[in-house]
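Note that these values count all heavy atoms, side chains included, but never hydrogens, waters or copies made by symmetry.
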Amino acid sequence: MFAFIRNSDDQYAALGKRSAVFTSAILLSASISGCGGGGTATNNVNNSNTSAGNTSTATSSTLPSSYWKPALTNTWQWQLKGTANTSYAVAVYDIDLFDTPVATIQALRASGRKVVCYFSAGSSEDWRSDFSSFQASDMGNALSGWAGERWLDARSANVRRIMQIRLDLAVTKGCNGVEPDNVDGYANNSGFPLTAATQLDYNRFLASEAHNRGLTVALKNDTGQLSDLVGDFDFAVNEQCHEYAECDGYQVFIANGKPVFNAEYAASYSSNPTARATLCADASARQFHTLVLPRALDDSFRYSCEP
């Protein structure tokens, strides 16, 4: 269910994988349906083109100022599978757009939290309610090892239309922001002739469309284009930059007052307090908000580097 290919098909780093409404009845039905079973006991341990779509060249100087933007000091929780555990004392919850009931989003917001809603913008997932909207030509190679997912053609006008509909769904469900995933297909074996320029255009399209709807937007991974996209995105969500020595590039977000929400999955961080303390010291020095989480992102355990 969760996957990502880091720069080649042979290196995996688990990514959290996890309409506008076709009709209001369909949307309400999808949004009110419950999630699956919840996680087990949690440890909250504080440890120290085919067809080209519309293009977008959004920059920080052209973005609207009325939407919520996360602060460098904001803390976060990330859970994409199971019934959301809403008991953490954090500022931001990152949860699944499709599977999270509206009632959960409303309850989080009523308690003063901001809600970021996850969806995959770069892969099709054959279990999603809008999967049939993708055309055969939109879908390329499978994400190796992850059943049901295929890379999307970021140049496709139809793909972009579906993403606009998903952003409309985020607004309708009450999300404060979005986390579009798999936005570096150009660096993977997607099956399409995607380039760095193609990816920049698509990612800026996503950011612009989110901002046009009053949504804050995260840049998910795409470590090769951080400096190019820092002006377009409001914060970053990263997986495993400590494990893979990719954290330095994120200082451009910190320097621009934009937080970096980081998740690490290596077993040593959850099982070895000394390794975790070293991780957290590095995260703190970088001003990152780092969590040690299960790859399934199901809240079965959680270690926070927050003091």
Legend entry - Residues N85 and S87: side-chain donor-acceptor under 3.5 angstrom: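 N85 vs S87: donor-acceptor pair found between side chains.
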Inset, instruction - Classify the side-chain pair S156/D138 by whether it contains a donor and acceptor separated by less than 3.5 Å. - result: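 There is such a pair (donor and acceptor under 3.5 Å, judged by atom type) between the side chains of S156 and D138.
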Inset, instruction - Using a strict 4.0 Å threshold on nitrogen-to-oxygen distance, state whether D248 and R286 make a salt bridge. - result: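 Salt bridge flag = yes for R286 with D248.
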Inset, instruction - Could you tell me whether K258 and D234 make a salt bridge, using a distance below 4.0 angstrom between a side-chain N and a carboxylate O? - result: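 Judged by the 4.0 Å cut-off on N to carboxylate O distance, K258 and D234 do not form a salt bridge.
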Do [X] and [Y] have side-chain heavy atoms sitting under 4.5 Å apart?
X    : Y    : result
N74  : F261 : yes
Q164 : R213 : yes
D184 : Q225 : no
Q77  : L291 : yes
K173 : I105 : yes
W78  : E179 : yes
L72  : Q287 : yes
Y303 : R276 : yes

Has [X] got a side-chain atom pairing as donor or acceptor with [Y]'s backbone, closer than 3.5 angstrom?
X    : Y    : result
R128 : S124 : no
R109 : G174 : yes
N221 : Q240 : no
N176 : V116 : no
W76  : H289 : yes
T100 : D96  : yes
R150 : D126 : no
S208 : F205 : no
D298 : S300 : yes
T172 : D168 : yes

Inset, instruction - Could I get the full list of ring pair (Phe, Tyr, Trp, His ring centres under 6.0 Å) partners for Y93, not counting sequence neighbours? - result: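 If we apply the ring pair (Phe, Tyr, Trp, His ring centres under 6.0 Å) test to Y93, skipping adjacent residues, there are no hits.
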Interatomic spacing from [atom1] in [X] to [atom2] in [Y] - rounded to 0.5 Å:
X    : Y    : atom1 : atom2 : value
N212 : Y67  : CG    : OH    : 10.5 Å
L279 : T274 : CG    : OG1   : 12.5 Å
D181 : S123 : CG    : OG    : 7.0 Å
L143 : N189 : CG    : CG    : 10.0 Å
S270 : Y265 : OG    : OH    : 12.5 Å
D282 : E264 : CG    : CD    : 9.5 Å

How close do [X] and [Y] get, counting heavy atoms only, and between which atoms?
X    : Y    : answer
S227 : V230 : O-CG1, 3.6 Å
A263 : L293 : CB-CD1, 4.1 Å
L219 : F233 : N-CD2, 3.4 Å
F288 : C241 : CE2-SG, 3.9 Å
A210 : L167 : N-CD1, 3.9 Å
V178 : A170 : CG1-CB, 3.7 Å

Legend entry - Test side-chain contact (heavy atoms from CB on, under 4.5 Å) applied to N238 and T223, step by step: CA-CA 9 Å; N238 167 268; T223 55; 4.3 Å; yes
Inset, instruction - Run the numbers on R160 and D201 for salt bridge (charged side-chain N to carboxylate O under 4.0 Å, His left out), then give the verdict. - result: CA-CA 11 Å; R160 296 186 181 209; D201 180 72; 2.8 Å; yes
Legend entry - Contact list for residues 160-228, test disulfide bond (SG atoms under 2.5 Å apart), sequence neighbours left out: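 For residues 160-228, and leaving out neighbouring residues, the disulfide bond (SG atoms under 2.5 Å apart) pairs sorted by first residue read C117-C175.
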Answer with yes or no whether the hydrophobic clustering places [X] together with [Y]; edges join I, L, V, M, F, W, Y residues whose side-chain heavy atoms lie under 4.5 Å apart.
X    : Y    : answer
F192 : L152 : no
I162 : L215 : yes
L194 : M163 : no

Inset, instruction - For S190 and N141, run side-chain contact (heavy atoms from CB on, under 4.5 Å): C-alpha distance rounded to whole Å, both residues' side-chain angles, the deciding distance at 0.1 Å, then the answer. - result: CA-CA 5 Å; S190 69; N141 291 339; 5.9 Å; no
Inset, instruction - Please name all residues satisfying side-chain hydrogen bond (donor to acceptor under 3.5 Å, both in side chains) with T195, sequence neighbours left out, ordered by chain then number. - result: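 T195 satisfies side-chain hydrogen bond (donor to acceptor under 3.5 Å, both in side chains) with T198 once adjacent residues are dropped.
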Inset, instruction - Step through it carefully: locate the ring centre of F253, locate the ring centre of F235, and say whether they are under 6.0 Å apart. - result: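 Here the rings of F235 and F253 have centres that are no less than 6.0 Å from each other.
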Inset, instruction - Applying side-chain contact (heavy atoms from CB on, under 4.5 Å), run through D222 and Y186 and close with a yes or a no. - result: CA-CA 10 Å; D222 194 13; Y186 82 102; 3.5 Å; yes
Inset, instruction - Please lay out, stage by stage, how L297 and K81 fare under the test side-chain contact (heavy atoms from CB on, under 4.5 Å). - result: CA-CA 6 Å; L297 297 175; K81 184 177 180 181; 5.6 Å; no
Inset, instruction - Report yes or no: is the cationic atom of R155 (NZ for Lys, CZ for Arg) closer than 6.0 Å to the six-membered ring centre of Y202, at no more than 45° off its axis? - result: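 The answer is no, since R155 fails at least one limit relative to Y202.
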